[in-house]
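Worksheet: one structure, shown below.
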Protein chains: 2
Amino acid sequence: MRLIDFNALIPGQCFGSRRLGGSEYVPASYFAEVLGEHVELSEGERSALTRLEERTRSLRRGAILQRENEAGGELYIVRSGTVMSYVLLDDGSRQILRFHYAGAMLGVPGLIYRTAPETIAALTDAVVCVFDKATFSRLIADHPRIGALVLALAQIERVALTDRLAAIGRTSAKARVAALLLDLRNRMRAADRSITDSYQLGLTQEEIGDATGLTAVHVNRMLRQVEEDGLIRREAGRVTILDERGLTRAANYIDRYEDLDLSWLPPRD
Amino acid sequence: MRLIDFNALIPGQCFGSRRLGGSEYVPASYFAEVLGEHVELSEGERSALTRLEERTRSLRRGAILQRENEAGGELYIVRSGTVMSYVLLDDGSRQILRFHYAGAMLGVPGLIYRTAPETIAALTDAVVCVFDKATFSRLIADHPRIGALVLALAQIERVALTDRLAAIGRTSAKARVAALLLDLRNRMRAADRSITDSYQLGLTQEEIGDATGLTAVHVNRMLRQVEEDGLIRREAGRVTILDERGLTRAANYIDRYEDLDLSWLPPRD
DNA sequence: CGTAGTATTGATAGAGCTCAATTTACGTGG
DNA sequence: CCACGTAAATTGAGCTCTATCAATACTACG
């Protein structure tokens, strides 16, 4: 099975609902688009966010944006493509921590360290915007509510990480794979509402394994098993969820993207 | 760039160095003590932090402060004792996410959800301070730098979680246990400099298992093995590290608590 | 068309789990 | 201070799940 150009997927479709006329709508700030889904931003906030995305960098598939244990400490916002963060262990094995899509802010964990705690690499060709800690600092000093929003997004990510921690620590290989399949679908769908139960996986089985704490071989067997159970269908890197309820049950999956509550946020400035 | 001793960061039975005379020094705000290790707080910040800790609650060992999937959304600061957060899976198995010591802020992940994403329970008798989202919101609106500090602390925790994710996903049972032993020692030592290589474990083997993704039985065997390797000695719940270098090697352990950098923080208000 | 990365499949080994039986430690009441 | 009851730790035996090793088949791409 070969994974298809995931690129084709992200740039336009992410904000597909915001297309204007026949041409692609390109937001001045992708990050503002994300935050704008949660709260209504003021003009001042919007323009401050725009300044984060003035400097862009294009990445080839496989390119490394930030390497673990190296200095740098830049921050990034993903404009297009898929990016992942991972750590490498002494024996060369890799643990993928997180997949990031357009609109994600990267490098926040590096804020507090002199050297990066994790590697950030492009999974597909990608475009990111680069800014530094000082810029970020000014942003949240001037716009406390944006600071609060970044904190809130960090918590969403934290919960996603602890869910995966629980999955890897306490569930079977099949459940972990099923959970990843569901999570990827949900996150892609958040970006593109036209995705319902079919999507391009965009990951090799080795990458799935490195994210779920399994070997590529065993991932292959688990995918087959999930397929034989009639929960999904696979064709050329495209996954179709046939029985969402069954898959959710098999995965022990909790969809957290439902009951968000940002009503506690400070008021607009 | 300002480097911080992480020790200062991780609170514990803490503040031993702040005894005044023969009596214990009780800070008006434990959280302010933690933040104060990173930056110099203004009077305004200090008094705002003090207001977070006006309402205290005493907990018996085993008491549950917040239950997963229940509403509430309160925030807490640990004053004394050890607290843990965990999630329960459908089959009843538990994944312990994190152990928290005095000075820790709890419930932040719950900020953004209507129902709590994790359970918080007292591992020992403990005292916590309680405040609500609105109070927190006002705090960070009025004092953006405190918001930034909370974000920074959240990142430290995130990195700790991803390190554990990597440990559970990619290392052997022995390595996970060894890593936990080292991490607990380091965090306790941060709180009490008199701890060097011997400490009270304070956890049952089942709890160690639930934190590392192992069964209690296997934890027992791994502890024995680590002991037989001459890396530690055990007696009545007390662990003594005999060969720190060897233990670190066995654990694949990275001590992140070294090179913090908070120089990017906004200036004092 | 050849090449390299990826996927698939089979056979075998081993790490960690489960079940079960003791033993030890410890808080409680007498 | 001692007896008792319960939680925790320990140990053994057998088994399952997942890793490992190895061979083969795809598939995109130059």
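A note on names: the letters A, B, ... follow the listed sequences, proteins ahead of strands, and every chain is numbered from 1.
Heavy atoms of other residues, nucleotides or ligands lying less than 6.0 angstrom from CZ of A:R187 number more than 12.
Using a 4.5 Å heavy-atom cutoff, the side chains of A:E74 and A:Q66 are not in contact. Considering only heavy atoms from C-beta on, B:T162 stays 4.5 Å or farther from A:V87 through its side chain. Looking only at side-chain heavy atoms (C-beta outward), B:L181 and B:Y199 come within less than 4.5 Å of each other. Taking 4.5 Å as the limit, every side-chain heavy atom of B:Y86 sits out of range of all side-chain heavy atoms of B:D210.
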Contacts under 3.5 Å, N or O only, protein and nucleotides 3-9 of chain D:
from: D:dA9; atom 1: OP2; to: B:Q205; atom 2: N; distance (Å): 2.8

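Taking atom CE of A:M222 as the reference point, atom C1' of D:dA19 lies 12 Å away to the nearest angstrom. Separating the CG atom of A:L123 from the C1' atom of C:dT6 is a distance of 14 Å, rounded to the nearest angstrom. Going from atom NZ of A:K174 over to atom P of D:dT18 covers 10 Å, rounded to whole Å. For the pair A:Q225 CD and D:dC17 P, the interatomic distance rounds to 10 Å; values are reported in whole Å. D:dA19 atom P lies 14 Å from atom CD1 of A:I208, rounded to whole Å. Spacing between atom CG of A:D125 and atom P of D:dC29 amounts to 11 Å, rounded to whole angstrom units.
To the nearest 0.5 angstrom, A:R55 atom CZ is 12.0 Å from A:I77 atom CD1.
Rounded to 10°, the angle separating the first-five-pair axis and the last-five-pair axis of the helix from C:dC1-D:dG30 to C:dG30-D:dC1 equals 50°.
Between B:Q95 and A:G169, the shortest heavy-atom contact is OE1-CA, 3.5 Å. For the residue pair B:R256 and B:D163, the shortest heavy atom distance occurs at NH2-OD1, 2.8 Å.
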**OP:** Indicate for each nucleotide in nucleotides 17-24 of chain C, in 5' to 3' sequence, whether protein heavy atoms under 4.0 Å reach the base (B), only the sugar-phosphate (S), or nothing (-).
**Re:** SBB-----
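Partners of B:D229 by salt bridge (charged side-chain N to carboxylate O under 4.0 Å, His left out), not counting sequence neighbours, listed by chain and number: B:K174. With sequence neighbours left out, B:D91 forms a side-chain hydrogen bond (donor to acceptor under 3.5 Å, both in side chains) with B:S93.
For residues 243-255 of chain B, every residue pair satisfying the side-chain hydrogen bond (donor to acceptor under 3.5 Å, both in side chains) rule, not counting sequence neighbours, is listed here: B:D183-B:Y253, B:R185-B:E244, B:N186-B:Y253.
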